[in-house]
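The structure displayed is predicted, hence computed values, not measured ones. Just so it is clear, the values below take in all heavy atoms, side chains as well, and ignore hydrogens, waters and symmetry mates.
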Amino acid sequence: MAKLNFGGVEEQVVTRAEFPLEKAQEVLSGETVAVIGYGVQGPGQALNLKDNGIKVIVGQRKGSKTWDKAVADGWVPGETLFEIEEACEKATIIEYLLSDAGQIAVWPTVKKHLTPGKALYFSHGFGITYNDRTGIVPPADVDVILVAPKGSGTSLRRLFLEGRGLNSSYAIYQDATGKAYDRVIALGVGIGSGYLFETTFKREVYSDLTGERGSLMGAIQGLFAAQYETLRENGHTPSEAFNETVEELSQSLMPLIAENGMDWMYANCSTTAQRGALDWWKKFRDATKPVFTELYNEVKCGNEAQISIDSNSKPDYRVKLEAELKEMRESEMWQAGATVRSLRPENN
C-alpha cells in the first residue's frame, strides 16, 4: 500500500503495480461473483471481471429489459445468467448493484442467502449508511465491502477496453472472515480500477451525493443555464451562447484540466482570459459555498436520502423522471447543443 501526501494530508492508495491482476485472480480463484442488477454499474463491472478471468454470474429479473441487455452482452440463461435469488444462492461474493430503491425492495431475498463466510459488495454506501431508513443490516458473519468507481459503468467499461482504468474508492464495513481486504482490493483491480483510495461507507455516500447534486451534475447544469440565459437575454444567438457556455468547456478546456490541472489550463489561455478568471473565480466560490454547505448538511442528516427513497420507490417514478428529463432535453440550450454536436467535424 502506497502513501500519498497532499500538503501534509496523508492518504493510503493501492496501485495495480502493488496488487497486480495476477494476484487478484489468485485471491478470487475459488470465488463465484454474482453481479445483482444490470443497470448502471452492473454491465461494466461484470464484463470487466469476466474479461479479467474471474468467475462471474449475473442475477437479474427475467423478462426485464436489463435481462435482455444481459443476454445481448453474452450472458447465457441457466449458465451465467440467473434470476436474482438463484444467483445469490450460487455466489460466494454478492455484488449488490441495484439502484438504492431496488436494494431496499430486494433485500429480504438477498439476506436469505448471506450465509457465513460470504461477502456482500456495494458500489455505493447508501444502503449501509442509511440502514435505519433502508433496513439493510447484514448478518455479522459475512464480509461487507465497497468499491466505488469514480464514474459511470459505461466509462468503466470504455476505459477498460482502451487499456486504461477508472480510479475507485474502497471501504471495509465488516471483516468477518479476515479476508475482506484482499477480497475488496482484488475486486477493485478486477473491475478495472486505475488505483484505489481508502474511504468509509459514510464518507463515500456523503461525498457522492454532494458531488452528484453539486459540481458533477446539479450545480454544473445550474451554472450552464444561468450563463446561457444571461447571454441570450443580451442578444446572443443560441449557437453562440451554447458554444461559449458548454462546447468550449467540454471539448477544449476540460481535457486540458484533466491532463494537466487548472493552473496549466490557465497558463495556456490568453492573458485576458487569465486575468478575468483569476479575478472572478473567488466570487463564484463565495457565492456558491453557502449552497454547498447547505447541501452537505442535508446529505449528512439524511434528508436527501429520504427524499430519494420516497421519490424513487413510487410506482410512477419512471414517468415523472422522463417528464423532468424531457423538460431539460427540450430546453433551448440543449436543443442548441444537439445541433452544435451534429455539426462537429467527426459527425460530418
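No donor-acceptor pair under 3.5 Å is formed between the side chain of Tyr96 and the backbone N or O of Leu120. Judged by distance alone, the side chain of Asn131 and the main-chain N or O of Ile128 form a donor-acceptor pair under 3.5 Å. Between the Ser311 side chain and the Ser308 main chain, no donor and acceptor come within less than 3.5 Å of each other. With Thr134 contributing its side chain and Ile136 its backbone, the two residues share a donor-acceptor pair below 3.5 Å. For Glu247 (side chain) and Val340 (main-chain N/O), no donor-acceptor pair under 3.5 Å exists by modelled atom type. Judged by distance alone, with hydrogens and angles left aside, the side-chain atoms of Arg203 form a donor-acceptor pair with the main-chain N or O of Glu198 at under 3.5 Å. In this structure, Asp175 contributes its side chain and Gly178 its backbone to a donor-acceptor pair below 3.5 Å. Of the possible polar contacts, one joining the Ser313 side chain to the Ile309 backbone as a donor-acceptor pair under 3.5 Å is found.
For the residue pair Glu233 and Tyr228, no side-chain donor N or O sits within less than 3.5 Å of a side-chain acceptor on the partner. A donor-acceptor pair shorter than 3.5 Å can be found between the side chains of Thr15 and Glu18. Checking Thr339 against Ser342 by side-chain atom types alone, no donor-acceptor pair falls below 3.5 Å. Looking only at atom types and distance, the side chain of Thr66 has a donor-acceptor partner in the side chain of Ser64 under 3.5 Å away. Ser169 and Glu204 share no side-chain donor-acceptor pair at under 3.5 Å. Gln45 and Gln41 form a side-chain donor-acceptor contact under 3.5 Å, judged by distance and modelled atom types alone.
By the 30° and 60° cut-offs, the orientation of the rings of Phe201 relative to Phe122 is perpendicular. Taking the six-membered ring for Trp and thresholds of 30 and 60 degrees, Phe126 and Tyr130 have ring planes more than 60 degrees apart, a perpendicular arrangement.
Around the CD atom of Glu294, the shell of radius 6.0 Å holds no more than 12 heavy atoms that belong to other residues, nucleotides or ligands. Other residues, nucleotides and ligands contribute more than 12 heavy atoms inside 6.0 Å of the NZ atom of Lys150. Heavy-atom contacts from other residues, nucleotides or ligands closer than 6.0 Å to CD of Glu330 number more than 12. Heavy atoms of other residues, nucleotides or ligands lying less than 6.0 angstrom from CD of Glu212 number more than 12. In the displayed structure, Arg285 atom CZ is contacted under 6.0 Å by more than 12 heavy atoms of other residues, nucleotides or ligands.
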Go through Arg275 and Asp279 one step at a time and tell me if the salt bridge (Lys or Arg N to Asp or Glu O under 4.0 Å) criterion holds. CA-CA 6 Å; Arg275 184 69 269 139; Asp279 288 345; 2.9 Å; yes

Assess whether side chain to side chain contact (heavy atoms under 4.5 Å, CB included) is satisfied between Ser123 and Leu146, documenting all intermediate values. CA-CA 5 Å; Ser123 283; Leu146 172 146; 5.9 Å; no

Go through the steps for Trp334 and Glu327 under the test side chain to side chain donor-acceptor pair (under 3.5 Å), then give the verdict. CA-CA 10 Å; Trp334 290 110; Glu327 180 185 0; over 6 Å; no

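With respect to Asp143 and Arg183, a salt bridge is recorded, a charged nitrogen being found less than 4.0 Å from a carboxylate O. Between Lys326 and Glu322 there is no salt bridge, since no side-chain nitrogen of the basic residue lies less than 4.0 Å from a carboxylate oxygen of the acidic one. Glu31 has no carboxylate O lying under 4.0 Å from a charged side-chain N of Lys55, or vice versa, which leaves the two without a salt bridge. Taking the charged nitrogens against the carboxylate oxygens, Glu324 and Lys320 have no contact shorter than 4.0 Å, which rules out a salt bridge. Here Glu89 does not pair with Lys118 in a salt bridge; the nearest charged N to carboxylate O distance is not below 4.0 Å. Taking 4.0 Å as the cut-off between side-chain N and carboxylate O, Arg61 and Glu83 do not count as a salt-bridged pair. Salt-bridge check for Asp51 with Arg157: passed, with a basic side-chain N closer than 4.0 Å to an acidic carboxylate O.
A cation-pi arrangement is absent between Lys112 and Trp107 under the rule of less than 6.0 angstrom and at most 45 degrees off the ring axis. At least one test fails for Lys314 against the ring of Tyr317: distance under 6.0 Å to the centre or angle within 45° of the axis. Remark: Lys69 fails to qualify as a cation-pi partner of Tyr38 under the 6.0 Å distance and 45° angle criteria applied to the six-membered ring.
Hydrophobic cluster membership is shared by Trp264 and Trp281, with clusters built from Ile, Leu, Val, Met, Phe, Trp and Tyr side chains linked at under 4.5 angstrom.
Between Gln221 and Met333 the shortest side-chain heavy-atom distance falls below 4.5 Å.
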